[in-house]
Enquirer: 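The following block contains the structure, expressed as structure tokens.
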Number of protein chains: 2
Amino acid sequence: MKTLVLPALDRPEGITTHDYAFSRLRQAIMVGAFRPGTSVTIRGLADALESSPTPVREALRQLTSIGALQFLQNRRIVVPRISPARFEELISLRIVLESHAARRAVAHLSDRQIDRIAVLDDGIEAAILSGQKAQALIANQEFHRQIYSANPDQVAVPLIESLWLQLGPILGIAMEHVNEFYVVDRHREAIDALRRRDENAVAEAIAADIREGIGGFDQQAIGKLLALAG
Amino acid sequence: MKTLVLPALDRPEGITTHDYAFSRLRQAIMVGAFRPGTSVTIRGLADALESSPTPVREALRQLTSIGALQFLQNRRIVVPRISPARFEELISLRIVLESHAARRAVAHLSDRQIDRIAVLDDGIEAAILSGQKAQALIANQEFHRQIYSANPDQVAVPLIESLWLQLGPILGIAMEHVNEFYVVDRHREAIDALRRRDENAVAEAIAADIREGIGGFDQQAIGKLLALAG
DNA sequence: TTCTGATAAATGTGATCACAAAAAGAAATT
DNA sequence: AATTTCTTTTTGTGATCACATTTATCAGAA
């Protein structure tokens with residue numbers, strides 16, 4: 001196996017090797033650094049991360065548990081391929097989960113928090129305008145995360161995060177085409193609905209945001225996006 | 001720390017120690033063998049499982065990833081406590097996820113598969129009648145699993161399984177009181193709706209099944225069940 | 001040329017160890 | 001007696017090794 005190169009990630013002081021390995025692998029998956037179908041090995045990843053195999057093994061157990069990597073019967077670990085049908089299920093589930101999480105968060109959000117979420121949205125716009133699409137994707141996730149996490153018992157957040165991770169590479173491609181895919185500002189609609197404490201309107205804006213963020217949710221649009229993703 | 005005793009579980013031939021450890025710990029959590037708030041240690045579990053710490057460490061990474069155990073900032077791993085608010089979120093999410101999964105499965109189910117699901121339901125009834133409540137809980141999960149998994153791309157299944165696991169001990173208590181909590185046979189309604197390929201009716205029967213399976217979804221009913229759970 | 005079997009290499013698994021960090025217990029101080 | 005500090009024990013982490021399993025390669029036979 002050729003020497004593997006992972007995208008760089010700063011390592012904070014005092015973080016365990018395992019936590020760093022997990023974060024770095026998670027980021028690599030999110031940005032599509034592994035081609036779908038690729039097999040990864042413990043020792044290969046440990047070399048790339050300059051660690052021993054143990055933290056990598058533990059990180060891989062986590063990543064397979066949240067669906068980011070796939071554990072095969074022959075004990076190999078591979079980066080999952082996403083078929084059009086699976087993509088459709090992932091987006092459908094994202095719509096269901098995030099709409100639900102948004103509803104369950106409305107009662108917990110203060111005006112101050114909503115203001116901060118609006119500032120996050122401005123940051124997304126700025127990143128898109130300055131061409132920083134990867135930054136915009138991260139900021140978009142933070143926008144959504146801040147809404148849902150307003151409910152302290154929001155069980156859905158780790159589930160939603162796992163979907164974002166599985167969809168990460170494709171959503172990155174969609175973000176590269178944001179100017180043609182995304183016409184109506186659904187974030188603005190969601191923020192307005194949050195201010196009105198209108199659960200239905202929030203859920204609908206989030207659902208529309210997800211559908212439109214991928215250029216539409218019909219077979220043609222999905223086929224187009226998956227073709228772009230290779 | 002006192003010597004820990006885990007519920008017994010047969011170990012299939014050829015299974016890795018890690019897979020056995022994970023399955024056995026998962027079962028222990030499901031049946032409420034650990035008191036909520038309890039701290040577990042790697043070496044303690046390894047002793048109880050008669051293994052070295054390595055497979056246990058990897059199993060713990062999995063169990064914390066699916067929410068069955070909680071990783072604390074001081075590196076301790078504890079069995080989560082379930083507050084009434086969190087319980088409400090878990091059940092709400094279960095309703096949303098399982099309704100969605102049922103809808104997305106309807107188009108994939110053959111008459112033969114529906115017949116087999118009906119047989120599973122008979123098995124649940126038989127287990128309840130003969131007082132085998134633990135067996136009934138397992139069979140109930142299998143009933144649901146067979147419906148949802150009919151869709152080969154059903155991304156929601158592992159998420160649903162993680163909710164079942166988090167709710168396992170409490171659902172076990174509810175099953176002990178099934179004769180007072182559960183009056184209308186929603187499984188039968190779901191099966192009939194499956195035969196008619198009526199997505200809405202299936203989703204509604206599943207949702208009602210979940211609500212009524214815990215004796216109701218109002219504050220009083222939740223309070224009553226959580227009091228029973230201790 | 002293709003298939004089969006044997007061998008070598010790669011890869012996953014489990015055990016063990018030493019070290020780092022946190023918790024518990026004991027001693028000293030206020 | 002209560003609090004603080006120091007010491008000991010417990011517990012998590014990472015490294016390394018040997019063994020088990022899977023994959024790849026090579027040689028010989030058909």
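Every chain is numbered from 1 and lettered A, B, ... according to where its sequence line falls, protein lines coming before strand lines. Bear in mind that the values here come from a model prediction, so they are computed numbers and not experimental data.
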Enquirer: Which residue, B/Ile160, B/Leu159, B/Leu163, forms the side chain to side chain contact (heavy atoms under 4.5 Å, CB included) with B/Leu93?
Expert: B/Leu163

Enquirer: If I take atom CG in residue A/Asp19 and atom P in nucleotide D/dG12, what distance separates them, rounded to the nearest angstrom?
Expert: 14 Å

Enquirer: Looking at A/Arg86 and A/Glu89, is there a salt bridge between them, counting it only when a charged N and a carboxylate O are closer than 4.0 Å?
Expert: no

Enquirer: Using 30° and 60° as the class boundaries, would you call the ring planes of B/Tyr148 and B/His144 parallel, tilted or perpendicular?
Expert: tilted

Enquirer: Looking at every strand, decide which applies to B/Tyr20 at a 4.0 Å heavy-atom threshold: base, sugar-phosphate, or nothing.
Expert: nothing

Enquirer: Counting only side-chain nitrogens and oxygens, does A/Arg61 get under 4.0 Å of the OP1 or OP2 atom of C/dT13?
Expert: yes

Enquirer: Could you state the CD-C1' distance from A/Gln73 to C/dG12, rounded to the nearest angstrom?
Expert: 14 Å

Enquirer: Rounded to the Å, how far apart are B/Ile77 CD1 and C/dA21 P?
Expert: 18 Å

Enquirer: May I have the distance from A/Leu72 (atom CG) to C/dT11 (atom C1'), rounded to whole angstrom?
Expert: 13 Å

Enquirer: Could you tell me how far apart B/Arg75 (CZ) and C/dA22 (P) are, to the nearest whole angstrom?
Expert: 6 Å

Enquirer: In whole angstrom, give the distance that lies between atom CG of B/Leu49 and atom P of C/dT13.
Expert: 17 Å

Enquirer: Would you mind classifying the nucleic acid contact of B/Arg57 as base, sugar-phosphate or nothing, using non-hydrogen atoms under 4.0 angstrom?
Expert: base

Enquirer: Whole angstrom is fine here: how far is it from CD1 in B/Ile42 over to C1' in C/dA21?
Expert: 13 Å

Enquirer: Between A/Asn74 and A/Glu50, which residue's closest nucleotide on DNA chain D lies nearer the 5′ terminus?
Expert: A/Glu50

Enquirer: Could you check which of C/dG12, D/dT11, C/dG14 has an atom nearest any side-chain atom of B/Thr41?
Expert: D/dT11

Enquirer: Are any of the side-chain heavy atoms of B/Phe217 and B/Ile210 separated by less than 4.5 Å?
Expert: no

Enquirer: Return the value, rounded to whole Å, for the distance between atom CG of B/Asp47 and atom P of C/dT16.
Expert: 12 Å

Enquirer: Please find the pair of heavy atoms, one from A/Ala101 and one from A/Gln154, that lie closest to each other, and give the distance.
Expert: O-NE2, 2.8 Å

Enquirer: Mapping B/Arg43 and B/Thr54 to their closest nucleotides on DNA chain C, which lands nearer the 5' end?
Expert: B/Thr54

Enquirer: In terms of the nearest nucleotide of DNA chain D, which residue is placed more toward the 5' end: A/Arg76 or A/Ile15?
Expert: A/Ile15

Enquirer: Check whether any side-chain nitrogen or oxygen of A/Ser52 sits under 4.0 Å from OP1 or OP2 of D/dG14, and answer yes or no.
Expert: no

